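Structure first, then comments.
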Number of protein chains: 2
Amino acid sequence: MVTGKKQAKKGGAARKGKKARRKRELRPLDVLEDEGDEDGGCASESTESSAGGGGGGGGGERQREHPFVVTEPGEVARAKKNGLDYLFHLYEQCRVFLLQVQSIAKLGGHKAPTKVTNQVFRYAKKCGASYINKPKMRHYVHCYALHCLDEEASNALRRAYKARGENVGAWRQACYAPLVEIAARHGFDVDAVFAAHPRLAIWYVPTRLRQLCHQARGCGSHAAALPPPPMF
Amino acid sequence: MVTGKKQAKKGGAARKGKKARRKRELRPLDVLEDEGDEDGGCASESTESSAGGGGGGGGGERQREHPFVVTEPGEVARAKKNGLDYLFHLYEQCRVFLLQVQSIAKLGGHKAPTKVTNQVFRYAKKCGASYINKPKMRHYVHCYALHCLDEEASNALRRAYKARGENVGAWRQACYAPLVEIAARHGFDVDAVFAAHPRLAIWYVPTRLRQLCHQARGCGSHAAALPPPPMF
DNA sequence: AGAAGGACCAGTGGTCCGTA
DNA sequence: AGAAGGACCAGTGGTCCGTA
């Protein structure tokens, strides 16, 4: 409480042109630089140069990850695209990174995170997993949640959206409804649903999903077959 | 990471004369002012004017709480002092405040804290419990932990330290050793010990206690009858 | 247009140290 | 001296929005 008195409160507007968002110019191999930092460098440097990464053989310009496309289970995405199996694989990698951070913390007598925190993302970067970042992982958590909680339903949804030629954004939106239904069967307690699943418990419940469960609860006791909400 | 590059790292030195620690001049009844703030004012204004509070009948100057003295279980502290039953009572109050914050959050579809967080302390203040504050509660958590985990041992320690005429600081220090022993019986996993006790699970494990457990584990498998560590 | 992610900001955990 | 607690700060959770 130093700044003011109340201000725009969380998810509101009031962000506009503050502080001139200077972007530091991209330098190749940035990740490898702040070594010798304590806090533990990666335990194995498992660069995991596998799957859909960007970057290609050539030059200096750091490449973004290829965008995701809706793929069926088992299907490999074509050129310049990443599939959804790859997306879910990233969540599994984060889990492994978390486990490593926990082990290291316990060895040193430090407090260990129980969730995938900033510390874990930082650690992942140090291990060379530059393709993992917080905004991306948070963006798709609920998609991963559906995959964990009802793989059948998740697979069906992927096939349907692929067949319809929908883009990733549409598929992502569509993942909410089945989750709300699952939550409904547990008294609309999404937190409990996440907590009960070992691979999901390490992820924060996304705000949007929590909101949808809350508002679905408000609408009486019909266990909601909500058509995918039009726009949010 | 905006400031610099590494700096003094957590509990180190490097705090000295920064930013001229301006103290805002005390105003009486400060707490009652920032009402109408959303985020939920207190649900009951349970001012709890009970126990050892300071302040006295008279004038404007906001009073500090009376300092604690080592008292036996059931003993009421004499003039201008607060006893240890009162101290432990504060922890129970915080728990109730947490439960209220959780209820309110769930009603509103917001995420609910699982621990006594800043939010809970803020809420307690709004409810008129101005005698509750974070530094104090954090300072004595491990004393409360011993009270929860082994009331017999806790009571014995209180009697012993009272008999010896020790001050609160000495008693507080002495609370560490029995806790380390308890942790030792659980593989030195203090986090697990705290997590397993419902009234304790809502408190963060104090750094110092974690350190002591860690270093006790390092010293072989003797389940540590550690004499109270001389100074830290 | 649709999407990936650097960078920002309000509010957190942790505790020092000026105060009484 | 011993102790209570205001206030600070590094690093967090959350996500916007300039970028490609």
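All chains are named by letter (A, B, ...) in the order of the sequence lines, taking the proteins before the strands, and each is independently numbered beginning at 1. Just so you know, these numbers come straight off a predicted model, no measurement behind them.
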Open item on the list: Could you go through A/R210 and A/D191, starting from their C-alpha distance and side-chain angles, then the distance that decides it, and tell me whether this counts as salt bridge (Lys or Arg N to Asp or Glu O under 4.0 Å)?
Closed with: CA-CA 8 Å; A/R210 194 194 308 281; A/D191 293 291; 2.8 Å; yes
TODO: Choose from C/dT15, C/dG5, C/dA3 the nucleotide whose nearest atom is closest to any side-chain atom of A/N133.
DONE: C/dG5
Open item on the list: SG to SG below 2.5 angstrom is the rule I want applied to A/C143 and A/C175. Does it hold?
Closed with: no
Task: salt bridge (Lys or Arg N to Asp or Glu O under 4.0 Å) contacts in which one or both residues fall within residues 82-103 of chain A, not counting sequence neighbours - done: A/D85-A/R158, A/E92-A/R199
- [ ] Measure from the side-chain heavy atoms of B/P135 and tell me the nearest of C/dT15, D/dT12, C/dG13.
- [x] C/dT15
Task: Short side-chain N/O contact from A/Y140 to OP1 or OP2 of C/dA4, under 4.0 Å - done: yes
Task: Close side-chain approach of A/L200 and A/Y144, heavy atoms under 4.5 Å - done: yes
Task: Heavy-atom pair of closest approach, residues B/T114 and B/L98 - done: O-CD2, 4.0 Å
TODO: Report the nucleotide, chosen from D/dA4, D/dT12, C/dG5, that has the shortest atom-to-atom distance to any side-chain atom of A/Q119.
DONE: D/dT12
- [ ] Looking only at side-chain atoms of B/R64, point me to the closest of C/dA3, C/dG5, D/dA4.
- [x] D/dA4
- [ ] Figure out the CG/P separation between B/L209 and C/dT15, and round it to whole Å.
- [x] 12 Å
TODO: To the nearest Å, give me how far apart CD (A/Q63) and C1' (C/dA3) are.
DONE: 15 Å
Task: A/K134: salt bridge (charged side-chain N to carboxylate O under 4.0 Å, His left out) partners, not counting sequence neighbours - done: none
Task: Phosphate contact (C/dT12 OP1 or OP2) by B/R122 side-chain N/O below 4.0 Å - done: yes
Open item on the list: Could you tell me how far apart B/N82 (CG) and D/dA4 (P) are, to the nearest whole angstrom?
Closed with: 9 Å
- [ ] May I have the distance from B/L87 (atom CG) to D/dA3 (atom P), rounded to whole angstrom?
- [x] 13 Å
TODO: Convert the base pairs of DNA chain C into dot-bracket notation, remembering that pairs crossing earlier ones are written with [ ] and that bases paired across to another strand are shown as |; include only Watson-Crick or G-U pairs under 3.5 Å.
DONE: ..|.||||||.||||||.|.
Open item on the list: With a 3.5 Å cut-off and heavy atoms only, can you find an N or O donor on one side and an acceptor on the other between the side chain of B/N118 and the base of C/dG11?
Closed with: no
TODO: Return the value, rounded to whole Å, for the distance between atom CZ of B/R138 and atom P of C/dT15.
DONE: 9 Å
Open item on the list: The criterion is side-chain contact (heavy atoms from CB on, under 4.5 Å); which residues satisfy it with A/V168, sequence neighbours excluded?
Closed with: A/F68, A/Y140, A/W171
TODO: Rounded to the nearest angstrom, tell me the gap between atom NZ in B/K136 and atom C1' in D/dA3.
DONE: 11 Å
- [ ] May I ask you to verify if any side-chain N or O of B/K81 is less than 4.0 angstrom from the OP1 or OP2 atom of D/dA3?
- [x] no
Can you give me every donor-acceptor pair (side chain of residues 100-110 of chain A, partner residue at least two apart or in another chain, under 3.5 Å) with its distance?
from: A/Q100; atom 1: OE1; to: A/Y123; atom 2: OH; distance (Å): 2.8
from: A/Q102; atom 1: NE2; to: A/P113; atom 2: O; distance (Å): 2.7
from: A/S103; atom 1: OG; to: A/L99; atom 2: O; distance (Å): 3.0

TODO: May I ask you to evaluate whether B/K134 reaches the phosphate of D/dA7, defined as a side-chain N or O under 4.0 Å from OP1 or OP2?
DONE: no
- [ ] Could you check A/F88, A/W203, A/Y91 and say which one makes a ring pair (Phe, Tyr, Trp, His ring centres under 6.0 Å) with A/H147?
- [x] A/F88
- [ ] Please state how far atom NE2 in B/H139 lies from atom P in C/dT15, giving the value in whole angstrom units.
- [x] 12 Å
- [ ] Please tell me which of the listed nucleotides, D/dA4, D/dG14, C/dG6, lies nearest to the side chain of A/K125?
- [x] C/dG6
Task: Between D/dT12 (P) and B/K111 (NZ): distance, integer Å - done: 14 Å
Task: B/Y86 and B/T71: CA distance, side-chain angles, deciding distance, side chain to side chain contact (heavy atoms under 4.5 Å, CB included) verdict - done: CA-CA 10 Å; B/Y86 173 65; B/T71 56; over 6 Å; no
- [ ] Could you check which residues of residues 164-172 of chain B get a heavy atom under 4.0 Å from DNA chain C? Sort them by number, please.
- [x] none
